[in-house]
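Lettering follows sequence order; numbering is per chain, from 1.
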Amino acid sequence: MKAIVDCNSFYCSCERLFRPELNNRPVVVLSNNDGCIISRSDEAKALGIGMGGPFFMARHQLEKNNISVFSSNYHLYGDISMRVMDSLRSIVGEKNVEVYSVDEAFLGLDEIDPHELPGLAHRLKETVETWTGIPVSVGIAPSKTLAKIANNIAKKDKQGTGCIHLLLTDPSFHQALKKTRVDAIWGVGRSFANKLIDLGITSAWELSQMPEEWACRNLGGVVGQRLILELKGKPSISLKKELEIKKMITTTRMFGRQVTELSELKEAVATYTTLAAEKLRRQNSAASQIQVFLVSREEDHLAGYHPDNHQSTNLPAATSLTHELIRPAIRLVDQIFKSGQAYKKAGVLLSGLVPDGSIQGNFFSGPSQARDRRLMSAVDNLNYSMRSEMVKFSATGIKKDWKMRQELRSPRHTTRWEELKEVS
DNA sequence: TCTGGGGTCCTAGGACCC
DNA sequence: TCTGGGGTCCTAGGACCC
């Protein structure tokens, strides 16, 4: 058996922790750059605020309904997320928790007596809520995909289910499948859903009755095949181990305004490279390839890949050192940049990742490498313990006029001393 | 005027090797 | 005049997730 534990309106719930007067009131949280609405409290949903809609278009509606609006505060959400996951680990054991995203985790429950599952579900919910203050929903079923469906049922009828739903027997999940539309299945996106509906397959139940070979041919090969098995209650997507090493690392951001100056683009790309390099060192990897891309205003509506605006280079040797990554990154900006072009977004992608310990050296790398690495880890430690850019490379700029907008961000209550909540 | 960011997995097809 | 076949690795692109 598998469980999924999912935080309800996670970002909104985090904001409410320090603003209890917002409980039972409508709240929304915006994406980076205050672009879209990415989290809504139940009250905001009830007022008709859509998911993923642009902030500027909803602004009037938000004001009219006196809805509280926050920019995203990832320092806060990341810290609260860790506490939620630690609570789950303390109940089912570290090896049975797969952190699936910032606000949800799959749990492996094969060692638990099925009779104890309802009690466990309640204990999970109550413990997380008591220890962290974040409300959660729990779904339990034989496979991950069915657990997701159970969780959706729990969330859809919070009063009726108490945010807990279990699908432990065949009849119970058959019933649930009949009530679930194909486009609501985990693993079925827009394109597969359209395809299925065109074929007259509208419910999860109908999909589960299709032959595996058919799914293999029509739903993305083994992915589709696994999906059918999962819907039948045969677990085919296993729990992933913690600490899997990422195979590529990217940092991309919109700018707060259009950027036309080469010098500003270089600052931004140097800043993103610094962030990506920190992520790289955190998992003890080194990169052997770096790619940079700039997105201009004009091509924004043309979705996808534009070779003109992407350049990549193979590094002479894999590295995790920020300055060895910034240099080639900036050269790539020079190659891509077109004078007179207005850019709205840039990104850095590190790939060809290898373990940092066993880097294939080359003729030209000298003994300074070891010293540089000690320097980097000192910088990381300082920045980590202060939770800020205590020490940084001058190439990343000082003023950062291009930085994204975050006009409505709440204080970083749990990660910055100077922003600690005061209670009098 | 303003529409996020960061990932994963899988497949097809080309390059290359023996 | 005749010109194989199987395997591996890499990359681009499509699909999906939160």
Side-chain angles (χ1 to χ4, degrees), chain A residues 4-11 28-40 50-60 62 71-74 77-78 81 98-106 144-145 148 151-152 182-196 215-227 230 236-238 240 244-258 272 275-276 279-280 283 288-289 291 293 295 297 300-301 303-307 310 312 314 342 344-353 404-408:
Chain A
I4 177 105
V5 179
D6 184 320
C7 301
N8 299 342
S9 308
F10 181 55
Y11 295 170
V28 301
V29 176
L30 306 177
S31 65
N32 269 334
N33 217 28
D34 295 347
C36 313
I37 295 166
I38 51 167
S39 181
R40 304 159 298 153
M51 179 66 174
F55 173 47
F56 76 92
M57 280 171 67
R59 199 161 203 157
H60 178 68
L62 293 166
S71 299
S72 32
N73 183 346
Y74 292 109
Y77 311 151
S81 174
E98 174 195 341
V99 176
Y100 180 65
S101 73
V102 69
D103 70 336
E104 58 191 289
F106 285 107
K144 281 184 167 180
T145 308
K148 277 285 212 178
N151 192 285
N152 286 343
V182 280
D183 58 358
I185 303 169
W186 182 59
V188 176
R190 253 240 299 278
S191 134
F192 285 168
N194 288 339
K195 203 163 169 181
L196 290 168
C216 209
R217 262 178 291 115
N218 297 286
L219 285 182
V222 296
V223 177
Q225 194 178 1
R226 283 202 290 246
L227 180 59
E230 285 262 311
S236 306
I237 307 174
S238 54
K240 282 203 203 67
E244 280 198 12
I245 304 287
K246 301 222 164 68
K247 293 163 188 159
M248 57 161 83
I249 287 171
T250 90
T251 302
T252 30
R253 296 276 188 286
M254 303 267 305
F255 303 130
R257 56 166 168 81
Q258 290 171 43
Y272 303 162
L275 290 170
K279 295 183 200 169
L280 189 66
Q283 65 166 34
S288 44
Q289 203 193 36
Q291 183 180 333
F293 58 92
V295 179
R297 261 196 92 208
D300 176 45
H301 56 283
Y305 182 82
H306 305 281
H310 288 64
S312 66
N314 291 312
K344 53 176 295 184
K345 182 178 180 173
V348 172
L349 191 155
L350 303 178
S351 55
L353 305 192
M404 66 179 175
R405 286 190 295 267
Q406 274 193 320
E407 285 156 10
L408 308 163

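Residue A:Ile249 is classed as a sugar-phosphate contact, given heavy-atom separations below 4.0 Å to backbone atoms only. When heavy atoms are screened at a 4.0 angstrom cut-off, A:Asp103 is found touching the sugar-phosphate backbone but no base atom. When heavy atoms are screened at a 4.0 angstrom cut-off, A:Arg405 is found touching no nucleic acid atom at all. As judged by a 4.0 angstrom heavy-atom cut-off over every strand, A:Val102 is placed among residues making no nucleic acid contact. A:Ser72 comes within contact range of no nucleotide atom at all, as no heavy-atom separation falls under 4.0 Å. At a threshold of 4.0 angstrom between heavy atoms, the contacts of A:Asn32 are confined to the sugar-phosphate backbone, with no base atom among them. Using a 4.0 Å heavy-atom cutoff across all strands shown, A:Lys148 reaches sugar-phosphate atoms only and no base atom. Among the protein residues, A:Ile185 comes within range of the sugar-phosphate backbone only, with heavy atoms under 4.0 Å from sugar or phosphate atoms but none that close to a base. Within 4.0 Å (heavy atoms only), A:Arg190 reaches sugar-phosphate atoms of the nucleic acid but no base atom. Across all strands, A:Phe192 comes closer than 4.0 Å only to sugar-phosphate atoms, never to a base (heavy-atom distances).
Here C:dC17 is the nucleotide among B:dG6, B:dT3, C:dC17 with the atom lying nearest to any side-chain atom of A:Tyr100. In this structure, the nucleotide among B:dT3, B:dG7, B:dC10 sitting nearest to the side chain of A:Met57 is B:dT3. Of the candidate nucleotides B:dG5, B:dG4, B:dG6, B:dG4 has the atom lying nearest to any side-chain atom of A:Cys36. Closest to the A:Ile38 side chain, of the nucleotides B:dG7, B:dC9, B:dG4, is B:dG4. Comparing C:dC16, B:dG4, B:dG6 against the side chain of A:Lys279 picks out B:dG6 as the nearest. Distance from the side chain of A:Glu104 is smallest to C:dC18 among B:dC9, C:dC18, B:dG4. The side chain of A:Lys345 lies closest to B:dG5, out of C:dC16, B:dG4, B:dG5. Proximity note for A:Thr252 (side chain, C-beta onward) versus B:dG6, C:dC17, B:dT8: the nearest is B:dG6.
Classification of the A:Tyr272-A:Phe255 ring pair by plane angle, with boundaries at 30° and 60°, yields parallel. Ring geometry for A:Phe293 against A:His310 counts as parallel: the plane angle stays under 30°, on a 0 to 90° scale with 60° as the upper cut.
Taking only side-chain nitrogens and oxygens, A:Arg226 comes nearer than 4.0 Å to OP1 or OP2 of B:dC10. Phosphate proximity of B:dG6 to A:Arg253: present, with a side-chain N or O under 4.0 Å from OP1 or OP2. Contact annotation: A:Thr250 side-chain N/O to B:dG5 OP1/OP2 distance is not under 4.0 Å.
A donor-acceptor contact shorter than 3.5 Å is absent between the side chain of A:Lys246 and the backbone of A:Lys279.
Note: CE (A:Met254) to P (B:dT3) measures 5 Å, nearest angstrom. Computed from coordinates, the A:Leu353 CG to B:dG7 P distance equals 10 Å when rounded to whole Å. Atom CZ in A:Phe55 sits about 17 Å away from atom P in B:dT1, given to the nearest Å. As a whole-Å value, the separation of A:Ile37 CD1 from B:dG4 P is 12 Å. In this structure, A:Met51 places its CE atom 11 Å from C1' of B:dG4, rounding to the nearest Å. Straight-line distance from the CG atom of A:Leu275 to the P atom of B:dG5: 13 Å, rounded to whole Å. Between the C1' atom of C:dC10 and the NZ atom of A:Lys247 lies a distance of 14 Å, rounded to the nearest Å. Protein atom CG of A:Asp34 is 18 Å distant from nucleotide atom P of B:dT1, rounded to whole Å.
Between A:Met254 and A:Asn32, every side-chain heavy-atom pair lies at or beyond the 4.5 Å cut-off. For the pair A:Asn151 and A:Trp186, the minimum side-chain heavy-atom distance is 4.5 Å or more. Counting heavy atoms from C-beta outward, A:Tyr74 and A:Val102 have side chains that stay 4.5 Å or more apart.
Comparing A:Thr251 and A:Gly53 by the nucleotide of DNA chain B that holds the closest heavy atom to each, the one mapping nearer the 5' end is A:Gly53. The nearest heavy atom of DNA chain B to A:Phe255 and to A:Gly221 marks one nucleotide each, and the one closer to the 5' end goes with A:Phe255.
Residues A:Lys144 and A:Glu98 are paired through a salt bridge, judged by an N-O separation under 4.0 Å between the basic side chain and the carboxylate.
For the P atoms, the distance linking B:dC2 with C:dC18 amounts to 30 Å, nearest Å.
The partner of B:dC18, taking Watson-Crick or G-U wobble pairs whose two distances both stay under 3.5 Å, is C:dG5.
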